[in-house]
**Q** 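Before anything else, here's the structure in question.
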Amino acid sequence: MIAIINTGCANINSVRFAFERLGVTPEVITDPQQLVHFDRAILPGVGHAKVAMERLTSSGWNAAIDEYQKPLMGICLGMQLLCDKTAEGDINCLGKIPGVISQLDVKDLTAPHMGWNNLSECIKHPLTENINSDDQVYFVHSFAHAVSSVTLAQSEYGQRFSAIVAKDNYAGMQFHPERSAKIGATLLQNFLNWQL
Amino acid sequence: MLSKRIIPCLDVKNGQVVKGVKFKGHEVVGDILDLAKLYSEAGADELVFYEISASVEKRLLDVNWVENIARHIDIPFCVAGGIKSVADAAKVLEQGADKISINSPAIARPELIKELHDEFGKQCVVVGIDSFYDEQSDEYLVYQLTGDPNASSRTRYKTQDWVRKVQELGAGEIVLNCMNQDGVRKGYDNDQLSQIRAICDVPLIASGGAGTMQDFADVFTSSHVDGALAASVFHKNIINIKELKQFLATQNIASRLCN
C-alpha cells in the first residue's frame with residue numbers, strides 16, 4: 001500500500017491518478033500516525049517552500065517522516081523539503097537528504113525553468129532502471145539541489161542541478177513524473193519496485 | 001536542453017471541442033477527452049483548454065471535465081475560462097489542472113494576477129493576451145471577451161504595456177494570441193512576437209496563424225518563443241504532431257521526440 005502525504009497542495013490528484021494509471025490505488029493520508037502502516041510514501045508539493053514546511057511542521061509530519069524506514073519519495077517541492085535547507089524563505093527543511101536548495105542560476109534564460117528537459121549522467125539505481133540519458137521529463141521550478149554524491153540523475157538549465165536524488169530510504173525527483181508521459185510512468189513504476 | 005513546446009489548444013464549448021476562424025463561427029471538432037488523448041499520445045508537450053463561453057457568460061468553466069482529463073492524461077495541461085478569483089482557481093487546480101490561464105478577468109481586475117501568484121506560485125499563473133494589430137494607428141491593442149464576437153471589445157491597453165504590467169503582477173507565462181492571424185494558417189506574427197519577446201522575461205507562447213511545419217520552425221528561430229500553440233492544423237489533420245517534432249529536430253530546434 002502506498003500513501004500520498006496530504007500537504008494541502010494542489011497537485012495531489014495528479015499524483016494519485018498517475019499511480020492509478022499504473023494499477024495501484026494510493027491512499028491520501030492527513031494524519032502522520034497513519035504513515036507507518038504503509039509500504040511506501042510520496043511527499044508531493046507545489047507552491048512556496050516556507051508555507052509548505054510550516055504546514056508539515058504544524059501538522060506533526062517531521063517526526064513521522066524522520067522515523068519512517070520504507071521508501072519515501074518527494075516530488076518537486078516535496079523533494080526540496082526532504083533536503084537540509086532551502087533558500088526559498090531561508091528555512092531549515094527535513095534534513096533526510098544531504099544538500100541545500102538554492103535559486104537556480106538561469107543566466108540569460110527565462111525563469112522559472114518550465115518545460116521538458118533531458119535527464120543526464122544517470123547513475124545505476126533501482127529508480128533509474130530503464131531510463132536513458134536523453135529521456136525528457138517535465139520540470140517547473142525556480143530552486144534546485146546542486147549536484148552531489150546523492151545525485152542519481154542530472155539536468156541542466158543555466159547550471160547543472162540534481163534531477164533525481166536518493167539517500168537511504170529517501171528519494172526525490174525535481175520534475176513531475178506524474179506529468180512526464182511514458183518516462184514519468186517508468187520512473188513511478190521504478191519507485192513502486194524499489195526494494196531497500 | 002529545454003525543448004520548445006508544441007501545444008495543441010482545445011477550445012471548449014458546451015462540453016465539446018470547437019474551432020472558429022478569427023474567433024468567430026465555431027464548429028464542433030470532437031470530444032474533449034478523445035482529442036486530449038489523441039494529442040498527448042502523438043507527442044504534444046502540453047495541452048491548453050479554453051472554455052470560450054465562460055467569461056462571456058460571466059461564469060466559471062465547468063470543472064467536471066477537468067478531473068477527467070487529469071485522470072487520463074499524463075502530460076501537463078492548462079485550463080482557462082472565467083477564472084475570476086483565488087477560489088475559482090483553487091477549484092480548477094484541485095481537479096488536477098497544472099496551470100490556470102486568465103485573460104478577460106485579469107483585464108477587469110489586474111490584481112487578480114498577484115493574488116493567484118501569491119496563493120499558488122508563479123509557475124501556475126498563465127496570462128492569455130488577445131492582441132489585435134490596428135492598421136490605422138500602427139499599434140498592437142489588447143482585446144477582451146473574444147470568445148464571443150458580439151461581446152468582444154477593445155481594452156484600454158496597448159499590448160506592450162499590458163505585457164509589462166502582467167509580469168510585474170506575477171504572471172509566470174504569457175500566451176500571446178495574435179488575433180489577425182487566428183485560424184487563417186498564414187504563419188505566426190513573428191514581428192509582433194519578436195517585439196514582445198524582447199520585453200518578456202517569463203516563458204512566452206506564440207498563438208495564432210500556424211499553417212505549415214515551417215511556420216513552427218520560423219517562430220522558434222526568429223521570435224525565440226518557448227512554445228507554439230495551434231488548433232486548426234491539428235484538428236484538421238493538416239499537421240501530424242509526431243512528424244512536426246521530427247521536422248523541428250532536423251532544423252536543430254530542441255524538441256521532445258516520442259516513440
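Numbered from 1 within each chain, the chains take letters A, B, ... in sequence-line order. Only heavy atoms go into these numbers, but all of them, side chains included; no hydrogens, no water, no symmetry mates. This one's a predicted model, so the numbers in the text were calculated from it and none came from an experiment.
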**Q** Is it the backbone or the side chain of B:Ile73 that comes under 4.5 Å from a heavy atom of chain A, or both, or neither?
**A** backbone
**Q** Distance check, rounded to the nearest 0.5 Å: B:Lys122 atom NZ versus A:Met114 atom CE?
**A** 9.0 Å
**Q** Within this structure, what is the CG-CD distance for the pair A:Asn13 and B:Gln95, rounded to the nearest 0.5 Å?
**A** 7.0 Å
**Q** More than 12 heavy atoms of other residues, nucleotides or ligands under 6.0 Å from NZ of A:Lys167: yes or no?
**A** no
**Q** Could you pull out all donor-acceptor pairs under 3.5 Å where a side-chain atom in residues 134-141 of chain A meets a protein atom, sequence neighbours excluded?
**A**
{"from": "A:Asp135", "atom 1": "OD2", "to": "A:Asn132", "atom 2": "N", "distance (Å)": "2.8"}
{"from": "A:Gln136", "atom 1": "OE1", "to": "B:Ser3", "atom 2": "OG", "distance (Å)": "2.7"}
{"from": "A:Gln136", "atom 1": "NE2", "to": "A:Asn118", "atom 2": "OD1", "distance (Å)": "3.4"}
{"from": "A:Gln136", "atom 1": "NE2", "to": "B:Ser3", "atom 2": "OG", "distance (Å)": "3.0"}
{"from": "A:His141", "atom 1": "ND1", "to": "A:Phe143", "atom 2": "O", "distance (Å)": "2.8"}
{"from": "A:His141", "atom 1": "NE2", "to": "A:His113", "atom 2": "ND1", "distance (Å)": "2.8"}

**Q** Specify which of A:Ala185, A:Gly184, A:Ser120, A:Ala181 makes the most heavy-atom pairs with chain B at under 4.5 Å.
**A** A:Ala181
**Q** Taking all atoms of both residues into account, what is the closest heavy-atom pair of A:Gly115 and B:Leu2, and its distance?
**A** C-CD1, 3.7 Å
**Q** Looking at chain B, which one of A:Ala111, A:Pro177, A:Ser180 has the largest number of heavy-atom pairs inside 4.5 Å, strictly under?
**A** A:Ala111
**Q** I'd like to verify something: which residue of B:Gly43, B:Gly121, B:Gly172, B:Pro76 has the highest number of heavy-atom pairs under 4.5 Å with chain A?
**A** B:Pro76
**Q** Does atom NZ of A:Lys107 have more than 12 heavy-atom neighbours, drawn from other residues, nucleotides or ligands, at distances under 6.0 Å?
**A** yes
**Q** Does anything in residues 15-24 of chain A get under 4.5 Å of chain B by heavy atoms, and if so which residues?
**A** A:Phe17, A:Glu20, A:Arg21
**Q** Would a distance-only check, ignoring hydrogens and angles, find a side-chain to backbone donor-acceptor pair under 3.5 Å from A:Asn117 to B:Met1?
**A** yes
**Q** State the CG-OG distance between B:Asp98 and A:Ser14, to the nearest 0.5 angstrom.
**A** 5.0 Å
**Q** Name the region of B:Ser255, side chain, backbone, both or neither, that has any atom closer than 4.5 Å to a heavy atom of chain A.
**A** backbone
**Q** Are there over 12 heavy-atom neighbours, none belonging to B:Glu111, within less than 6.0 Å of that residue's CD?
**A** yes
**Q** Where along residues 64-72 of chain B does a heavy atom come under 4.5 Å of chain A, listed by residue number?
**A** B:Glu67, B:Ala70, B:Arg71, B:His72
**Q** NZ of B:Lys84: more than 12 outside heavy atoms within 6.0 angstrom?
**A** yes
**Q** Residue by residue, which of residues 216-231 of chain B have a heavy atom closer than 4.5 Å to a heavy atom belonging to chain A?
**A** B:Asp226
**Q** Please look at B:Arg5 and chain A and tell me whether the side chain, the backbone, both or neither of the residue comes under 4.5 angstrom of a heavy atom of that chain.
**A** side chain
**Q** Mind listing the closest non-hydrogen atom pair of A:Thr110 and B:Arg197 along with its distance?
**A** CG2-NH2, 3.5 Å
**Q** Hey, is the main chain of B:Asp45 close enough, under 3.5 Å, to the side chain of A:Trp116 for a donor-acceptor pair?
**A** yes
